[in-house]
Amino acid sequence: MVAASASPTASPGSPTRPGDAVTRARYRRILRFAARALVQTWWFELFLPRVGLTRLAERSRPKRMRRIARRFHALAVDLGGLMIKVGQFMSSRLDVLPPEITTELQGLQDEVPPVDFALIRSAAEAELGMPLDRAYASFDPVPLAAASLGQAHRATLTADHAADAGFTEVVVKVQRPGIDAIVEVDLAALRRIAQWLRRIRIVSQRVDMPALVEEFAVTSLEEIDYRHEAANAERFREEFAQNPRVAVPEVAWERSTRKVLTLADVTAIKITDAAGLRAAGIDPAEVAAVFASVMFDQFFGFGYFHADPHPGNVFVTPRPAGASPDAPAWRLTFIDFGMMGEISPGTREALRRVLVAVAARDGKALVAGIGEVGALLPSADVRELERAMTQLFARFGGMGFAELRHVDPREFRDFGEEFGELARALPFQLPENFLLVVRAASLTSGVCTSIDPDFNVWDAVEPYALRLLNEERGGIMREAAQRAMSMADVTMRLPRRLDDLITHLQDGNLDFDSRRLERRMSRLERLGRRAVSGIVFAGLLVGGVLLRPDDETFGTVLMALSVLPLGHVLLAGFFDGGRR
């Protein structure tokens with residue numbers, strides 16, 4: 001399925017150093033917030049509708065959602081650590097979560113408070129084993145960016161290291177002091193919340209929350225080891241080596257350790273800075289389309305993807321002065337490779353089928369693909385779900401998020417009434433080890449919509465799906481041609497073998513059992529008939545393939561007719577097997 005690029009272990013348990021008052025207070029604050037939010041959600045979304053007060057719940061929902069999001073925003077900024085990661089994930093879900101939540105949490109991308117430079121200096125010098133003024137020619141005490149787990153500062157390499165690395169200007173990431181303990185406390189709190197959610201049937205039916213938290217724990221523990229991030233950056237660069245639209249900062253290995261990471265400075269225009277893009281002569285809509293395509297390549301092509309592509313981790317870099325005119329006018333520069341995901345070949349093929357089905361508006365194929373991914377409950381009514389998806393495509397297919405906002409609410413209500421029971425049951429589940437895919441896909445969707453409010457995911461999906469479909473067709477045709485040539489080879493050698501057999505019989509040089517010979521001759525006759533059908537199949541198929549580019553109709557007819565002799569070959573073989 002899907003896995004993080006490394007797998008450090010993490011065991012569940014209570015927060016680290018249980019006697020530490022600060023640690024216990026942090027742990028309790030996270031649990032109190034979660035408990036209060038769960039109780040409010042149960043009261044307004046489950047209890048009130050059951051007693052006939054649905055309108056009251058709906059009327060108060062926007063204000064209530066905004067209030068919960070505002071409280072979480074304050075909690076995350078105050079606590080930092082993994083709470084920032086959780087908030088960043090929710091802020092990107094513009095396509096799913098209400099704007100009352102996403103708007104309140106968007107600031108978490110940029111509002112993480114910095115750590116005092118004296119603490120950063122001390123941590124960096126302890127890790128590097130030397131004073132900063134020896135490790136770097138210069139080091140800016142003002143942070144370039146403050147993230148949930150570390151802090152970035154601009155610096156310059158010393159002359160000798162710059163000569164080795166091939167660049168001088170760098171960005172140095174230094175982990176926040178004490179982040180190991182903070183992550184452990186946060187994971188302990190999230191594990192407890194997962195146990196609460198596990199007891200709620202509507203949640204447990206669709207996702208194993210404890211397993212989900214453990215997957216999050218693996219990626220979080222990986223993030224606080226910068227050696228993994230450096231290796232991930234190198235691998236990511238290799239994957240996109242042939243794509244001039246994608247850039248990755250180089251690593252200064254001599255100044256990189258587990259808690260300090262030194263990278264070439266690639267700071268440019270933030271991907272969601274639409275005004276900055278336009279000022280540089282770059283069309284934000286084009287950036288959104290290219291970004292979606294690059295992420296598709298990672299999901300469906302390489303199977304190795306950036307799992308944290310939030311706006312702070314992707315820049316748009318204009319073509320530098322003096323660059324080749326053949327180079328693209330701009331490129332996407334990814335940073336922060338601490339959280340990476342990997343998709344197994346089987347899951348990747350299932351996801352490709354889902355994408356092709358979506359592009360083709362094929363509800364039945366979409367449900368089949370979702371089932372192969374493992375995202376359907378075992379009890380799901382597949383036939384009803386296929387009908388619902390077909391109707392969904394017919395009514396709303398091709399619309400972007402911006403267009404959906406302007407659809408008459410009565411259309412959604414009519415759809416809900418027609419498929420009300422199915423909609424309430426929602427037979428979907430989050431497959432095991434699928435958190436990173438969901439996170440990256442959600443962030444991709446949110447970023448594209450932020451860059452271009454009119455972004456239509458169909459426009460991005462269809463050309464990519466068509467390319468995948470052409471690749472699959474090419475593979476099928478190659479396989480069919482190889483089989484046809486193999487059968488033709490057998491057919492060509494068959495007459496010589498029959499002639500040799502007859503010669504031996506005429507010379508009296510062959511001892512045999514007549515009954516066995518009759519059975520063998522009968523099988524040879526049947527094989528001969530199948531061989532003729534095989535030759536006809538190969539001729540029609542290859543002829544159709546060759547003629548189709550010049551005469552599409554005639555070529556298609558020949559390819560279609562090749563099914564008849566192929567059917568004889570396969571069915572005759574089946575019945576022959578039954579007579580043995």
Side-chain angles (χ1 to χ4, degrees), residues 1-2 95-96 206 292-293 295-303 305 343-401 403-404 411-412 415-416 418-419 421-423 425-434 437-438 440-442 444-445 448 456-480 548 552 556 559-560 562-563 566-567 570:
M1 292 292 290
V2 183
D95 54 331
V96 176
R206 287 158 178 78
S293 178
M295 293 306 297
F296 288 160
D297 279 335
Q298 296 173 51
F299 295 139
F300 307 108
F302 309 139
F305 61 94
I343 307 175
S344 69
T347 301
R348 193 158 68 248
E349 284 304 312
L351 288 173
R352 287 163 70 107
R353 282 189 281 275
V354 168
L355 186 71
V356 171
V358 168
R361 318 290 203 273
D362 188 337
K364 186 173 182 179
L366 176 60
V367 172
I370 292 173
E372 290 181 36
V373 171
L376 277 180
L377 291 169
S379 58
D381 185 345
V382 175
R383 288 175 300 178
E384 187 68 8
L385 186 59
E386 288 173 354
R387 191 167 76 89
M389 289 300 178
T390 301
Q391 290 292 326
L392 187 68
F393 281 135
R395 294 193 186 189
F396 310 114
M399 293 185 181
F401 298 129
E403 294 173 287
L404 288 173
E411 289 193 50
F412 293 115
F415 184 85
E418 184 176 358
F419 299 101
E421 185 176 346
L422 180 64
L426 284 177
F428 297 106
Q429 63 182 356
L430 185 63
E432 185 179 356
N433 298 326
F434 223 68
V437 172
V438 173
S442 301
T444 300
S445 175
C448 290
N456 190 329
V457 68
W458 302 95
D459 295 337
V461 165
E462 287 178 341
Y464 195 88
L466 181 61
R467 193 177 89 193
L468 292 180
L469 193 58
N470 288 335
E471 289 175 358
E472 290 181 4
R473 284 174 177 167
I476 292 172
M477 295 302 296
R478 283 192 297 273
E479 183 179 354
R548 197 167 185 270
E552 183 175 356
T556 302
M559 292 168 65
S562 71
V563 174
L566 176 62
L570 297 176

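All values below were derived from every heavy atom in this structure, side-chain atoms included, with hydrogens, water molecules and symmetry-related copies excluded.
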Between the main-chain N or O of [Y] and the side-chain N or O of [X], is there a donor-acceptor pair closer than 3.5 Å?
X: Arg348; Y: Gly301; answer: yes
X: Thr444; Y: Ala440; answer: yes
X: Arg353; Y: Gly369; answer: no

Partners of Asp297 by side-chain hydrogen bond (donor to acceptor under 3.5 Å, both in side chains), sequence neighbours excluded?
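Scan of Asp297 (side-chain hydrogen bond (donor to acceptor under 3.5 Å, both in side chains), adjacent residues dropped) gives Tyr464, Arg467.
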
Go through the steps for Leu376 and Val367 under the test side-chain contact (heavy atoms from CB on, under 4.5 Å), then give the verdict.
CA-CA 8 Å; Leu376 277 180; Val367 172; 4.0 Å; yes

What pair of heavy atoms forms the shortest contact from Gly363 to Met389, and how long is it?
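The answer is CA-CB, 3.8 Å.
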
Where Cys448 and Ala292 come nearest, the two heavy atoms and their spacing:
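Closest pair (atom of Cys448, atom of Ala292, distance): SG-CB, 4.0 Å.
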
Salt bridge check: are Arg383 and Glu386 linked by an N-O gap of less than 4.0 Å?
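No, Arg383 and Glu386 are not salt-bridged.
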
From Thr390 atom OG1 to Leu366 atom CG, the distance as rounded to the nearest 0.5 Å:
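Here the rounded value is 9.0 Å.
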
Nearest 0.5 Å please: distance from the CZ atom of Phe300 over to the CZ atom of Phe305.
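Separation between the atoms: 10.5 Å.
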
Do Ser442 and Ser445 have side-chain atoms, one donor and one acceptor, less than 3.5 Å apart?
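Per modelled atom types, Ser442 and Ser445 side chains form no pair under 3.5 Å.
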
What residues, two or more places apart in sequence or in another chain, satisfy side-chain contact (heavy atoms from CB on, under 4.5 Å) together with Ala368?
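Counting only residues at least two positions away or on another chain, Ala368 forms no side-chain contact (heavy atoms from CB on, under 4.5 Å).
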
Do Thr347 and Val437 have side chains that get closer than 4.5 Å, going by heavy atoms?
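In short, these two side chains do not touch, never coming nearer than 4.5 Å.
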
